[in-house]
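Worksheet for the structure shown next.
Residue indices begin at 1 and follow the sequence shown.
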Amino acid sequence: MIKRRAIEIALKAGTGLLLAVSLILTFTVSDYYIFNRFGQFDFFFILSQWVKKAGLLLLPLAVFYGKRCCADIAKCVLPLFAVISCFMFGEFFDVTAVTADSTPAELVYAQFNEFMPKSANIALFYASNVLFLAVCALLVARDGWGVRAKSFVYLPAALVGCMPLNMFENFFEIATIPETSFLRFKNFTVWHFLMLAVLICFTVGAYYFLKRKSRKAQEEYLAAAAIVLLIQYHSKDSMLIGDGYNVYHTLFAVVPLFICNIGVYVAALSVFLKKRILYAMAFFVHAAGALSVFVYFGRDDMSNYGIFCSYSILYFCLTHCLLFALSVLPSALGHYRFKMKHCMIPLAYYFGVIVVATLASALVTSASMGFSYGGYTLTEGEYLMPNYAFTQINPFPVELPVWGVTVWRYEVNMLYIMLLYVFYVALFFLLNGAYYSFLAIRGRVLRRKASGGAGELAQEAAVAEDNRSKTDENEEK
(Lines give C-alpha, C1' and ligand atoms only; values in the text may rest on other atoms or scores of the structure.)
Protein backbone atom coordinates (compact mmCIF):
# COMPACT_ATOMS: atom_id res chain seq x y z
CA MET A 1 0.00 0.00 0.00
CA ILE A 2 2.82 2.40 0.92
CA LYS A 3 4.70 1.53 -2.26
CA ARG A 4 1.64 2.15 -4.43
CA ARG A 5 1.02 5.48 -2.71
CA ALA A 6 4.65 6.50 -3.36
CA ILE A 7 4.25 5.56 -7.03
CA GLU A 8 1.06 7.65 -7.29
CA ILE A 9 2.82 10.66 -5.77
CA ALA A 10 5.79 10.21 -8.12
CA LEU A 11 3.44 9.88 -11.10
CA LYS A 12 1.65 13.13 -10.27
CA ALA A 13 4.89 14.99 -9.63
CA GLY A 14 6.51 13.65 -12.82
CA THR A 15 3.47 14.43 -14.97
CA GLY A 16 3.18 17.93 -13.51
CA LEU A 17 6.87 18.58 -14.19
CA LEU A 18 6.53 17.24 -17.74
CA LEU A 19 3.61 19.59 -18.41
CA ALA A 20 5.59 22.53 -17.01
CA VAL A 21 8.65 21.77 -19.15
CA SER A 22 6.44 21.29 -22.23
CA LEU A 23 4.80 24.66 -21.56
CA ILE A 24 8.17 26.43 -21.36
CA LEU A 25 9.26 24.76 -24.60
CA THR A 26 6.31 26.29 -26.44
CA PHE A 27 7.80 29.76 -25.84
CA THR A 28 10.90 28.85 -27.83
CA VAL A 29 11.02 28.30 -31.56
CA SER A 30 9.76 24.85 -30.71
CA ASP A 31 8.45 21.83 -32.52
CA TYR A 32 5.30 23.37 -33.98
CA TYR A 33 7.68 25.05 -36.42
CA ILE A 34 8.40 21.70 -38.11
CA PHE A 35 4.86 20.63 -38.90
CA ASN A 36 4.34 22.89 -41.91
CA ARG A 37 7.80 22.11 -43.28
CA PHE A 38 7.67 18.41 -44.11
CA GLY A 39 10.44 18.73 -46.65
CA GLN A 40 12.98 20.18 -44.20
CA PHE A 41 12.84 17.66 -41.36
CA ASP A 42 12.94 13.88 -40.99
CA PHE A 43 9.51 12.19 -41.18
CA PHE A 44 10.10 10.17 -38.03
CA PHE A 45 11.09 13.26 -36.06
CA ILE A 46 7.88 14.99 -37.14
CA LEU A 47 5.82 11.91 -36.27
CA SER A 48 7.51 11.51 -32.89
CA GLN A 49 6.78 15.10 -31.94
CA TRP A 50 3.12 14.67 -32.92
CA VAL A 51 2.81 11.49 -30.84
CA LYS A 52 4.41 13.27 -27.89
CA LYS A 53 1.75 16.00 -28.22
CA ALA A 54 -0.86 13.25 -27.83
CA GLY A 55 1.12 12.07 -24.80
CA LEU A 56 0.45 15.41 -23.12
CA LEU A 57 -3.25 14.48 -23.31
CA LEU A 58 -2.91 10.78 -22.43
CA LEU A 59 -0.66 11.10 -19.39
CA PRO A 60 -2.78 13.58 -17.36
CA LEU A 61 -5.87 11.44 -18.02
CA ALA A 62 -3.98 8.29 -17.00
CA VAL A 63 -2.43 9.83 -13.87
CA PHE A 64 -4.97 12.34 -12.54
CA TYR A 65 -8.17 10.67 -13.76
CA GLY A 66 -7.12 7.03 -13.52
CA LYS A 67 -7.97 6.22 -17.15
CA ARG A 68 -6.52 2.74 -17.72
CA CYS A 69 -6.96 2.96 -21.50
CA CYS A 70 -4.77 6.08 -21.60
CA ALA A 71 -2.15 4.40 -19.43
CA ASP A 72 -2.10 1.36 -21.74
CA ILE A 73 -1.50 3.53 -24.80
CA ALA A 74 1.08 5.72 -23.08
CA LYS A 75 3.34 2.97 -21.77
CA CYS A 76 3.32 1.12 -25.11
CA VAL A 77 3.65 4.00 -27.55
CA LEU A 78 5.33 7.00 -25.91
CA PRO A 79 8.71 5.49 -24.95
CA LEU A 80 9.49 4.49 -28.54
CA PHE A 81 8.77 7.94 -29.97
CA ALA A 82 10.51 9.75 -27.10
CA VAL A 83 13.67 7.81 -27.95
CA ILE A 84 13.28 8.36 -31.72
CA SER A 85 13.00 12.13 -31.23
CA CYS A 86 16.31 12.14 -29.33
CA PHE A 87 18.22 11.06 -32.45
CA MET A 88 16.26 12.42 -35.43
CA PHE A 89 16.09 16.16 -34.72
CA GLY A 90 18.46 17.13 -37.55
CA GLU A 91 18.91 20.93 -37.74
CA PHE A 92 15.87 21.69 -35.61
CA PHE A 93 17.79 23.42 -32.81
CA ASP A 94 19.46 25.76 -35.31
CA VAL A 95 16.18 27.31 -36.46
CA THR A 96 16.24 31.11 -36.25
CA ALA A 97 14.13 34.02 -37.43
CA VAL A 98 17.22 35.97 -38.36
CA THR A 99 18.17 35.85 -42.04
CA ALA A 100 20.33 37.92 -44.35
CA ASP A 101 17.17 39.77 -45.42
CA SER A 102 15.97 40.62 -41.89
CA THR A 103 15.10 44.29 -41.44
CA PRO A 104 16.57 46.25 -38.52
CA ALA A 105 13.14 46.17 -36.80
CA GLU A 106 12.94 42.39 -37.18
CA LEU A 107 16.38 42.08 -35.60
CA VAL A 108 15.19 44.22 -32.69
CA TYR A 109 12.25 41.91 -32.02
CA ALA A 110 14.30 38.75 -32.66
CA GLN A 111 16.29 39.46 -29.50
CA PHE A 112 13.08 39.05 -27.52
CA ASN A 113 11.51 36.21 -29.51
CA GLU A 114 14.67 34.11 -29.38
CA PHE A 115 15.31 34.82 -25.72
CA MET A 116 16.17 31.21 -24.89
CA PRO A 117 19.72 30.07 -25.73
CA LYS A 118 20.13 27.00 -27.92
CA SER A 119 21.72 25.09 -25.04
CA ALA A 120 18.71 25.71 -22.79
CA ASN A 121 16.32 24.65 -25.56
CA ILE A 122 18.25 21.39 -26.04
CA ALA A 123 18.37 20.75 -22.29
CA LEU A 124 14.61 21.22 -21.91
CA PHE A 125 13.94 19.07 -24.96
CA TYR A 126 15.92 16.14 -23.56
CA ALA A 127 14.48 16.72 -20.07
CA SER A 128 10.97 16.34 -21.52
CA ASN A 129 11.96 13.05 -23.18
CA VAL A 130 13.43 11.74 -19.92
CA LEU A 131 10.23 12.69 -18.12
CA PHE A 132 8.12 10.89 -20.76
CA LEU A 133 10.18 7.74 -20.18
CA ALA A 134 10.09 8.10 -16.38
CA VAL A 135 6.32 8.57 -16.19
CA CYS A 136 5.72 5.62 -18.53
CA ALA A 137 8.03 3.48 -16.35
CA LEU A 138 6.01 4.48 -13.28
CA LEU A 139 2.80 3.50 -15.09
CA VAL A 140 4.31 0.04 -15.66
CA ALA A 141 5.28 -0.12 -11.97
CA ARG A 142 1.72 0.82 -11.00
CA ASP A 143 -0.29 -1.23 -13.50
CA GLY A 144 2.11 -3.91 -14.69
CA TRP A 145 3.08 -4.75 -18.27
CA GLY A 146 -0.32 -6.01 -19.33
CA VAL A 147 -2.44 -3.93 -21.69
CA ARG A 148 -5.89 -4.34 -23.20
CA ALA A 149 -6.13 -4.27 -26.99
CA LYS A 150 -9.38 -2.28 -26.85
CA SER A 151 -7.50 0.62 -25.21
CA PHE A 152 -5.86 1.47 -28.53
CA VAL A 153 -9.21 2.45 -29.99
CA TYR A 154 -8.62 5.84 -28.32
CA LEU A 155 -5.17 6.44 -29.86
CA PRO A 156 -6.51 7.91 -33.14
CA ALA A 157 -8.78 10.25 -31.15
CA ALA A 158 -5.80 11.47 -29.10
CA LEU A 159 -3.74 12.05 -32.25
CA VAL A 160 -6.57 13.95 -33.95
CA GLY A 161 -7.27 16.06 -30.85
CA CYS A 162 -3.61 17.08 -30.61
CA MET A 163 -3.03 17.41 -34.35
CA PRO A 164 -0.66 20.28 -35.23
CA LEU A 165 -3.05 22.45 -37.24
CA ASN A 166 -0.34 24.06 -39.36
CA MET A 167 0.31 20.72 -41.09
CA PHE A 168 -2.18 21.68 -43.80
CA GLU A 169 0.07 24.56 -44.85
CA ASN A 170 2.35 21.98 -46.50
CA PHE A 171 -0.20 21.77 -49.31
CA PHE A 172 -0.49 25.42 -50.37
CA GLU A 173 1.57 28.61 -50.55
CA ILE A 174 -0.45 31.47 -49.11
CA ALA A 175 1.60 34.12 -50.96
CA THR A 176 0.33 32.78 -54.29
CA ILE A 177 -3.37 33.10 -53.36
CA PRO A 178 -4.82 36.54 -54.25
CA GLU A 179 -6.51 38.62 -51.55
CA THR A 180 -9.69 38.55 -53.63
CA SER A 181 -9.75 34.74 -53.88
CA PHE A 182 -12.85 32.84 -52.83
CA LEU A 183 -10.58 30.78 -50.57
CA ARG A 184 -9.68 33.80 -48.40
CA PHE A 185 -11.39 33.95 -45.00
CA LYS A 186 -13.11 37.28 -44.38
CA ASN A 187 -16.18 38.54 -42.54
CA PHE A 188 -19.57 37.40 -43.84
CA THR A 189 -18.19 35.06 -46.48
CA VAL A 190 -19.32 31.45 -46.85
CA TRP A 191 -16.35 30.40 -44.67
CA HIS A 192 -17.49 32.76 -41.92
CA PHE A 193 -20.99 31.27 -41.85
CA LEU A 194 -19.54 27.78 -42.04
CA MET A 195 -17.49 28.46 -38.89
CA LEU A 196 -20.62 29.68 -37.10
CA ALA A 197 -22.45 26.51 -38.15
CA VAL A 198 -19.50 24.41 -36.91
CA LEU A 199 -19.70 26.13 -33.51
CA ILE A 200 -23.42 25.38 -33.15
CA CYS A 201 -23.15 21.79 -34.39
CA PHE A 202 -20.08 21.09 -32.25
CA THR A 203 -21.71 22.33 -29.04
CA VAL A 204 -25.09 20.69 -29.65
CA GLY A 205 -23.43 17.45 -30.74
CA ALA A 206 -21.23 17.42 -27.63
CA TYR A 207 -24.29 17.97 -25.42
CA TYR A 208 -26.26 15.07 -26.90
CA PHE A 209 -23.17 12.85 -26.83
CA LEU A 210 -22.59 13.53 -23.13
CA LYS A 211 -26.09 13.83 -21.72
CA ARG A 212 -26.77 10.07 -21.59
CA LYS A 213 -23.41 9.28 -19.99
CA SER A 214 -22.75 9.05 -16.26
CA ARG A 215 -21.66 12.14 -14.33
CA LYS A 216 -18.15 10.66 -13.95
CA ALA A 217 -17.85 9.98 -17.69
CA GLN A 218 -19.07 13.52 -18.46
CA GLU A 219 -16.41 15.00 -16.20
CA GLU A 220 -13.71 12.88 -17.83
CA TYR A 221 -14.70 13.89 -21.36
CA LEU A 222 -14.85 17.56 -20.34
CA ALA A 223 -11.41 17.26 -18.75
CA ALA A 224 -10.04 15.69 -21.95
CA ALA A 225 -11.53 18.55 -23.99
CA ALA A 226 -9.98 21.09 -21.59
CA ILE A 227 -6.54 19.49 -21.96
CA VAL A 228 -6.86 19.51 -25.76
CA LEU A 229 -7.84 23.18 -25.57
CA LEU A 230 -4.74 24.02 -23.50
CA ILE A 231 -2.45 22.05 -25.85
CA GLN A 232 -3.86 23.69 -28.98
CA TYR A 233 -3.98 27.12 -27.35
CA HIS A 234 -0.26 27.04 -26.58
CA SER A 235 0.60 25.94 -30.10
CA LYS A 236 0.48 29.61 -31.11
CA ASP A 237 3.18 30.54 -28.59
CA SER A 238 5.86 28.65 -30.48
CA MET A 239 5.14 30.46 -33.74
CA LEU A 240 7.17 33.45 -32.60
CA ILE A 241 9.33 33.60 -35.70
CA GLY A 242 6.42 35.00 -37.67
CA ASP A 243 4.26 32.21 -39.08
CA GLY A 244 1.79 32.04 -36.22
CA TYR A 245 -1.79 32.88 -35.44
CA ASN A 246 -2.89 36.23 -36.82
CA VAL A 247 -1.17 38.92 -34.70
CA TYR A 248 0.94 36.59 -32.54
CA HIS A 249 4.35 37.38 -34.00
CA THR A 250 6.21 38.58 -30.91
CA LEU A 251 6.69 37.30 -27.40
CA PHE A 252 4.75 40.26 -25.99
CA ALA A 253 1.66 39.37 -28.04
CA VAL A 254 1.27 35.95 -26.43
CA VAL A 255 0.63 37.38 -22.97
CA PRO A 256 -2.88 36.01 -22.22
CA LEU A 257 -4.76 39.29 -21.83
CA PHE A 258 -7.33 38.90 -24.56
CA ILE A 259 -10.63 37.89 -23.00
CA CYS A 260 -10.69 34.55 -24.82
CA ASN A 261 -7.06 33.87 -23.87
CA ILE A 262 -7.91 34.21 -20.19
CA GLY A 263 -11.08 32.24 -20.85
CA VAL A 264 -9.02 29.22 -21.90
CA TYR A 265 -7.61 29.01 -18.38
CA VAL A 266 -10.84 29.90 -16.60
CA ALA A 267 -12.93 27.34 -18.53
CA ALA A 268 -10.28 24.63 -18.13
CA LEU A 269 -9.89 25.29 -14.40
CA SER A 270 -13.67 25.27 -13.93
CA VAL A 271 -13.72 21.72 -15.34
CA PHE A 272 -10.71 20.57 -13.33
CA LEU A 273 -11.59 22.20 -9.98
CA LYS A 274 -15.42 22.28 -10.22
CA LYS A 275 -15.66 25.62 -8.40
CA ARG A 276 -18.86 27.64 -8.69
CA ILE A 277 -17.04 30.96 -9.12
CA LEU A 278 -15.08 29.59 -12.10
CA TYR A 279 -18.22 28.09 -13.65
CA ALA A 280 -19.95 31.47 -13.27
CA MET A 281 -17.07 33.40 -14.84
CA ALA A 282 -16.83 30.96 -17.75
CA PHE A 283 -20.59 30.90 -18.36
CA PHE A 284 -21.34 34.59 -17.91
CA VAL A 285 -18.23 36.15 -19.48
CA HIS A 286 -16.37 33.73 -21.71
CA ALA A 287 -19.30 32.03 -23.43
CA ALA A 288 -20.47 35.42 -24.70
CA GLY A 289 -16.92 36.44 -25.58
CA ALA A 290 -16.29 33.30 -27.62
CA LEU A 291 -19.67 33.57 -29.35
CA SER A 292 -19.28 37.26 -30.20
CA VAL A 293 -16.16 36.72 -32.28
CA PHE A 294 -17.89 34.02 -34.30
CA VAL A 295 -20.60 36.53 -35.16
CA TYR A 296 -18.10 39.27 -36.07
CA PHE A 297 -14.38 38.62 -36.48
CA GLY A 298 -13.31 42.26 -36.43
CA ARG A 299 -12.28 44.48 -39.30
CA ASP A 300 -10.70 42.56 -42.14
CA ASP A 301 -7.77 44.99 -42.22
CA MET A 302 -6.77 44.05 -38.64
CA SER A 303 -6.90 40.29 -39.27
CA ASN A 304 -4.75 37.95 -41.27
CA TYR A 305 -6.54 34.62 -41.27
CA GLY A 306 -5.39 33.53 -44.70
CA ILE A 307 -7.52 30.88 -46.42
CA PHE A 308 -10.08 28.61 -44.79
CA CYS A 309 -7.59 25.78 -44.08
CA SER A 310 -4.66 27.91 -42.92
CA TYR A 311 -3.34 27.63 -39.38
CA SER A 312 -4.92 30.88 -38.18
CA ILE A 313 -8.52 30.01 -38.98
CA LEU A 314 -8.24 26.36 -37.94
CA TYR A 315 -6.63 27.42 -34.66
CA PHE A 316 -9.30 30.07 -34.09
CA CYS A 317 -12.19 27.76 -34.86
CA LEU A 318 -11.01 24.81 -32.76
CA THR A 319 -9.96 26.79 -29.69
CA HIS A 320 -13.06 28.99 -29.65
CA CYS A 321 -15.40 26.03 -30.24
CA LEU A 322 -13.81 24.24 -27.28
CA LEU A 323 -13.90 27.41 -25.17
CA PHE A 324 -17.60 28.02 -25.86
CA ALA A 325 -18.52 24.37 -25.28
CA LEU A 326 -16.57 24.16 -22.01
CA SER A 327 -18.21 27.39 -20.84
CA VAL A 328 -21.80 26.24 -21.45
CA LEU A 329 -21.80 22.44 -21.18
CA PRO A 330 -21.34 22.19 -17.39
CA SER A 331 -24.53 24.22 -16.98
CA ALA A 332 -26.37 22.43 -19.80
CA LEU A 333 -25.49 19.05 -18.28
CA GLY A 334 -26.61 20.08 -14.80
CA HIS A 335 -23.20 20.24 -13.14
CA TYR A 336 -23.85 23.89 -12.36
CA ARG A 337 -26.89 26.14 -12.64
CA PHE A 338 -26.15 29.81 -13.28
CA LYS A 339 -28.35 32.36 -11.51
CA MET A 340 -28.34 36.10 -12.07
CA LYS A 341 -27.13 36.74 -8.51
CA HIS A 342 -23.89 35.01 -9.54
CA CYS A 343 -23.05 37.74 -12.06
CA MET A 344 -21.47 40.26 -9.67
CA ILE A 345 -18.09 38.54 -9.38
CA PRO A 346 -17.82 37.93 -13.16
CA LEU A 347 -18.65 41.61 -13.79
CA ALA A 348 -15.93 42.71 -11.36
CA TYR A 349 -13.55 40.16 -12.87
CA TYR A 350 -14.14 41.48 -16.40
CA PHE A 351 -13.68 45.05 -15.16
CA GLY A 352 -10.32 43.98 -13.71
CA VAL A 353 -9.38 42.36 -17.02
CA ILE A 354 -10.11 45.55 -18.94
CA VAL A 355 -8.10 47.69 -16.51
CA VAL A 356 -5.09 45.35 -16.51
CA ALA A 357 -5.25 44.88 -20.30
CA THR A 358 -5.40 48.64 -20.89
CA LEU A 359 -2.43 49.36 -18.66
CA ALA A 360 -0.41 46.43 -20.04
CA SER A 361 -1.09 47.47 -23.64
CA ALA A 362 -0.03 51.04 -22.96
CA LEU A 363 3.10 50.01 -21.06
CA VAL A 364 4.25 47.52 -23.72
CA THR A 365 3.73 50.08 -26.51
CA SER A 366 5.54 52.74 -24.50
CA ALA A 367 8.45 50.39 -23.77
CA SER A 368 8.74 49.42 -27.45
CA MET A 369 9.38 53.06 -28.31
CA GLY A 370 12.82 52.59 -26.77
CA PHE A 371 13.65 49.11 -28.10
CA SER A 372 16.95 48.95 -29.94
CA TYR A 373 19.48 46.44 -31.23
CA GLY A 374 22.83 46.87 -32.95
CA GLY A 375 22.55 50.64 -32.77
CA TYR A 376 19.07 50.75 -34.39
CA THR A 377 16.06 52.05 -32.39
CA LEU A 378 12.50 51.40 -33.47
CA THR A 379 10.74 54.30 -35.17
CA GLU A 380 7.06 55.24 -35.40
CA GLY A 381 5.13 52.57 -37.28
CA GLU A 382 7.37 49.85 -35.86
CA TYR A 383 6.21 50.17 -32.25
CA LEU A 384 4.42 47.21 -30.73
CA MET A 385 0.62 47.39 -30.36
CA PRO A 386 -0.36 44.24 -28.42
CA ASN A 387 -4.00 45.42 -28.29
CA TYR A 388 -4.78 43.26 -25.23
CA ALA A 389 -8.55 42.73 -24.90
CA PHE A 390 -9.00 45.06 -27.93
CA THR A 391 -8.09 48.04 -25.77
CA GLN A 392 -5.96 49.77 -28.43
CA ILE A 393 -7.61 49.03 -31.77
CA ASN A 394 -11.36 49.41 -32.24
CA PRO A 395 -12.52 46.26 -34.06
CA PHE A 396 -15.63 48.00 -35.40
CA PRO A 397 -15.59 50.21 -38.52
CA VAL A 398 -16.85 53.19 -36.48
CA GLU A 399 -14.59 56.06 -35.46
CA LEU A 400 -14.98 57.37 -31.90
CA PRO A 401 -14.02 60.74 -30.40
CA VAL A 402 -10.80 60.63 -28.37
CA TRP A 403 -10.80 61.34 -24.64
CA GLY A 404 -7.14 60.68 -24.06
CA VAL A 405 -5.21 59.79 -20.94
CA THR A 406 -1.45 59.31 -21.35
CA VAL A 407 0.08 56.24 -19.72
CA TRP A 408 3.87 56.65 -19.86
CA ARG A 409 4.33 57.44 -23.57
CA TYR A 410 1.07 56.11 -25.01
CA GLU A 411 -2.30 57.89 -25.12
CA VAL A 412 -5.25 55.68 -24.12
CA ASN A 413 -8.72 56.57 -25.41
CA MET A 414 -10.69 56.25 -22.15
CA LEU A 415 -14.03 56.92 -23.88
CA TYR A 416 -13.46 53.88 -26.10
CA ILE A 417 -12.36 51.74 -23.13
CA MET A 418 -15.51 52.58 -21.16
CA LEU A 419 -17.78 51.93 -24.16
CA LEU A 420 -15.94 48.63 -24.76
CA TYR A 421 -16.71 47.50 -21.21
CA VAL A 422 -20.37 48.53 -21.48
CA PHE A 423 -20.71 46.82 -24.86
CA TYR A 424 -19.39 43.49 -23.64
CA VAL A 425 -21.41 43.61 -20.43
CA ALA A 426 -24.52 44.13 -22.58
CA LEU A 427 -23.50 41.06 -24.60
CA PHE A 428 -23.11 39.03 -21.41
CA PHE A 429 -26.63 39.90 -20.23
CA LEU A 430 -28.05 39.36 -23.73
CA LEU A 431 -26.68 35.83 -23.91
CA ASN A 432 -27.90 35.03 -20.43
CA GLY A 433 -31.32 36.42 -21.30
CA ALA A 434 -31.41 33.99 -24.22
CA TYR A 435 -30.39 31.20 -21.82
CA TYR A 436 -33.24 31.95 -19.42
CA SER A 437 -35.69 32.21 -22.31
CA PHE A 438 -34.59 28.78 -23.51
CA LEU A 439 -35.10 27.33 -20.02
CA ALA A 440 -38.57 28.86 -19.75
CA ILE A 441 -39.66 27.52 -23.15
CA ARG A 442 -38.14 24.11 -22.45
CA GLY A 443 -39.83 23.88 -19.07
CA ARG A 444 -43.21 24.82 -20.56
CA VAL A 445 -42.88 22.22 -23.33
CA LEU A 446 -41.94 19.50 -20.85
CA ARG A 447 -44.85 20.35 -18.55
CA ARG A 448 -47.28 20.38 -21.45
CA LYS A 449 -46.09 16.97 -22.61
CA ALA A 450 -46.33 15.62 -19.09
CA SER A 451 -49.83 16.99 -18.41
CA GLY A 452 -51.07 15.95 -21.85
CA GLY A 453 -50.19 12.31 -21.20
CA ALA A 454 -47.48 12.27 -23.81
CA GLY A 455 -45.88 9.36 -22.07
CA GLU A 456 -43.89 8.29 -19.12
CA LEU A 457 -40.60 9.64 -20.49
CA ALA A 458 -41.92 13.20 -20.73
CA GLN A 459 -43.19 13.00 -17.16
CA GLU A 460 -39.82 11.76 -15.98
CA ALA A 461 -38.06 14.58 -17.85
CA ALA A 462 -40.21 17.22 -16.16
CA VAL A 463 -39.63 15.66 -12.74
CA ALA A 464 -35.89 15.45 -13.42
CA GLU A 465 -35.86 19.13 -14.34
CA ASP A 466 -37.54 20.07 -11.04
CA ASN A 467 -35.25 17.78 -9.07
CA ARG A 468 -32.18 19.28 -10.69
CA SER A 469 -33.28 22.76 -9.66
CA LYS A 470 -33.82 21.60 -6.09
CA THR A 471 -30.45 19.87 -6.08
CA ASP A 472 -28.74 23.05 -7.23
CA GLU A 473 -30.43 25.00 -4.46
CA ASN A 474 -29.36 22.45 -1.85
CA GLU A 475 -25.78 22.44 -3.12
CA GLU A 476 -25.64 26.21 -2.82
CA LYS A 477 -26.86 26.05 0.75
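- Taking all atoms of both residues into account, the shortest heavy-atom contact from Ala282 to Val266 is N-CG1, 4.0 Å.
- Partners of Asp94 according to the salt bridge (Lys or Arg N to Asp or Glu O under 4.0 Å) rule, which considers only residues two or more places apart in sequence or in another chain, are Lys118.
- Residue Phe87 places its CZ atom among 12 or fewer non-hydrogen atoms of other residues, nucleotides or ligands, all under 6.0 Å distant.
- A donor-acceptor contact shorter than 3.5 Å is absent between the side chain of Thr189 and the backbone of Phe185.
- In the displayed structure, Leu196 atom CG is contacted under 6.0 Å by more than 12 heavy atoms of other residues, nucleotides or ligands.
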In sequence, state the C-alpha distance, the side-chain angles, and the governing distance for Gln40 and Glu91, and then conclude on side chain to side chain contact (heavy atoms under 4.5 Å, CB included). CA-CA 9 Å; Gln40 298 179 31; Glu91 298 179 351; over 6 Å; no
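- In this structure, Asp42 contributes its side chain and Met88 its backbone to no donor-acceptor pair below 3.5 Å.
- Counted within 6.0 Å of OH on Tyr65, heavy atoms from surrounding residues, nucleotides or ligands total more than 12; the atom is thus considered enclosed.
- Environment of CZ in Phe371: crowded, with over 12 heavy atoms of neighbouring residues, nucleotides or ligands closer than 6.0 Å.
- Every residue two or more places apart in sequence or in another chain was checked for a salt bridge (Lys or Arg N to Asp or Glu O under 4.0 Å) with Arg409, and none qualifies.
- Taking the six-membered ring for Trp and thresholds of 30 and 60 degrees, Phe428 and Tyr424 have ring planes inclined between 30 and 60 degrees apart.
- Cation-pi geometry between Arg37 and Phe41 is not satisfied (NZ or CZ under 6.0 Å from the ring centre, within 45° of the ring normal).
- Thr203 contributes atom OG1, which lies 9.5 Å from atom CG of Leu326 (distance to the nearest 0.5 angstrom).
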Using the rule given for side chain to side chain contact (heavy atoms under 4.5 Å, CB included), can you reason through Phe252 versus Ser368, listing the C-alpha separation, both sets of side-chain angles and the distance that settles it, and then say yes or no? CA-CA 10 Å; Phe252 300 95; Ser368 71; over 6 Å; no
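- In this structure, the separation between NE2 on His192 and OH on Tyr305 is 9.5 Å, given to the nearest 0.5 Å.
- Salt bridge absent: Glu8 and Lys12 never bring a charged side-chain N and a carboxylate O closer than 4.0 Å.
- Proximity of a side-chain donor or acceptor of Glu114 to a complementary backbone N or O of Thr96 within less than 3.5 Å is not detected.
- Among pairs with a residue in residues 375-393, none fulfils salt bridge (charged side-chain N to carboxylate O under 4.0 Å, His left out), at least two apart in sequence or across chains.
- Side chain of Ser85 to backbone of Gln49: no donor-acceptor contact under 3.5 angstrom is found.
- In this structure, the side chains of Phe132 and Phe81 stay at 4.5 Å or more apart for every pair of heavy atoms.
- Checked by atom type and distance alone, the side chain of His286 pairs as donor or acceptor with a backbone atom of Ile259 at under 3.5 Å.
- The side-chain heavy atoms of Ile262 and Tyr349, taken from C-beta on, include a pair separated by under 4.5 Å.
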Between Asn129 and Lys52, does the side chain to side chain contact (heavy atoms under 4.5 Å, CB included) criterion hold? Intermediate values first, please. CA-CA 9 Å; Asn129 284 331; Lys52 285 160 60 180; 2.7 Å; yes
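- Note: Phe35 and Tyr32 have perpendicular aromatic rings, judged against thresholds of 30 and 60 degrees for the angle between ring planes.
- The aromatic rings of Phe125 and Phe92 lie tilted to each other, with the angle between the two planes from 30° to 60°.
- When each of Phe283, Phe324, Tyr207 is tested with Leu329 by the rule side-chain contact (heavy atoms from CB on, under 4.5 Å), just one qualifies, namely Tyr207.
- Atom OH of Tyr208 has 12 or fewer neighbouring heavy atoms from other residues, nucleotides or ligands inside a 6.0 Å radius.
- Ring-plane geometry between Phe297 and Phe316 is classed as tilted, the angle between the planes lying from 30 to 60 degrees on a 0 to 90 degree scale.
- To the nearest 0.5 Å, atom CG of residue Leu17 and atom OG of residue Ser128 are 10.5 Å apart.
- When the shell of 6.0 Å around CZ of Phe351 is examined, it contains 12 or fewer heavy atoms from other residues, nucleotides or ligands.
- Smallest separation of non-hydrogen atoms from Ile313 and Ile307: CG2-O, 3.3 Å.
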Hey, can you pull the donor-acceptor pairs under 3.5 Å for the side chains in residues 134-158, sequence neighbours left out?
residue: Ser151; atom: OG; partner: Asp72; partner atom: OD2; Å: 2.8
residue: Ser151; atom: OG; partner: Arg148; partner atom: O; Å: 3.3

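- Looking at heavy atoms from C-beta onward, Cys162 lies out of side-chain contact with Leu56 at the 4.5 angstrom threshold.
- Separation of the Phe396 and Tyr296 ring centroids falls under the 6.0 Å cut-off.
- A heavy-atom distance below 4.5 Å is found between the side chains of Leu199 and Leu291.
- Taking NZ of Lys275 as the reference point, atom OH of Tyr336 lies at 14.0 Å (rounded to 0.5 Å).
- Applying the salt bridge (charged side-chain N to carboxylate O under 4.0 Å, His left out) test to pairs two or more places apart or on separate chains, none has a residue in residues 249-271.
- The backbone N or O of Leu159 lies less than 3.5 Å from a partner atom in the side chain of Trp50, making a donor-acceptor pair.
- Between the CD1 atom of Ile393 and the CZ atom of Arg299 there is a distance of 7.0 Å, given to the nearest 0.5 Å.
- Considering only heavy atoms from C-beta on, Leu59 comes within 4.5 Å of Leu78 through its side chain.
- Take Lys216 and apply the salt bridge (Lys or Arg N to Asp or Glu O under 4.0 Å) test, not counting sequence neighbours, and it matches Glu220.
- Separating the CG atom in Leu269 from the CG atom in Leu278 is a distance of 6.0 Å, to the nearest 0.5 Å.
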Check the pair Asn261 / Tyr233 against side chain to side chain contact (heavy atoms under 4.5 Å, CB included), numbers first and verdict last. CA-CA 8 Å; Asn261 296 162; Tyr233 168 73; 3.4 Å; yes
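- Between the side chain of Thr26 and the main chain of Leu23, a donor-acceptor pair closer than 3.5 Å is present.
- With hydrogens and angles ignored, the 3.5 Å screen pairs no side-chain donor or acceptor of Tyr388 with any backbone N or O of Val353.
- The backbone N or O of Thr103 lies less than 3.5 Å from no partner atom in the side chain of Tyr376, so there is not a single donor-acceptor pair.
- A 4.5 Å side-chain heavy-atom check between Leu133 and Val83 finds at least one atom pair inside the cut-off.
- Phe423 is listed as a side-chain neighbour of Leu427, based on a closest heavy-atom distance under 4.5 Å.
- Side-chain N or O atoms of Asn121 include none that pairs as donor or acceptor with a backbone N or O of Leu25 at under 3.5 Å.
- When side chains are defined from C-beta on, Ser310 counts as touching Glu169, because their heavy atoms get closer than 4.5 Å.
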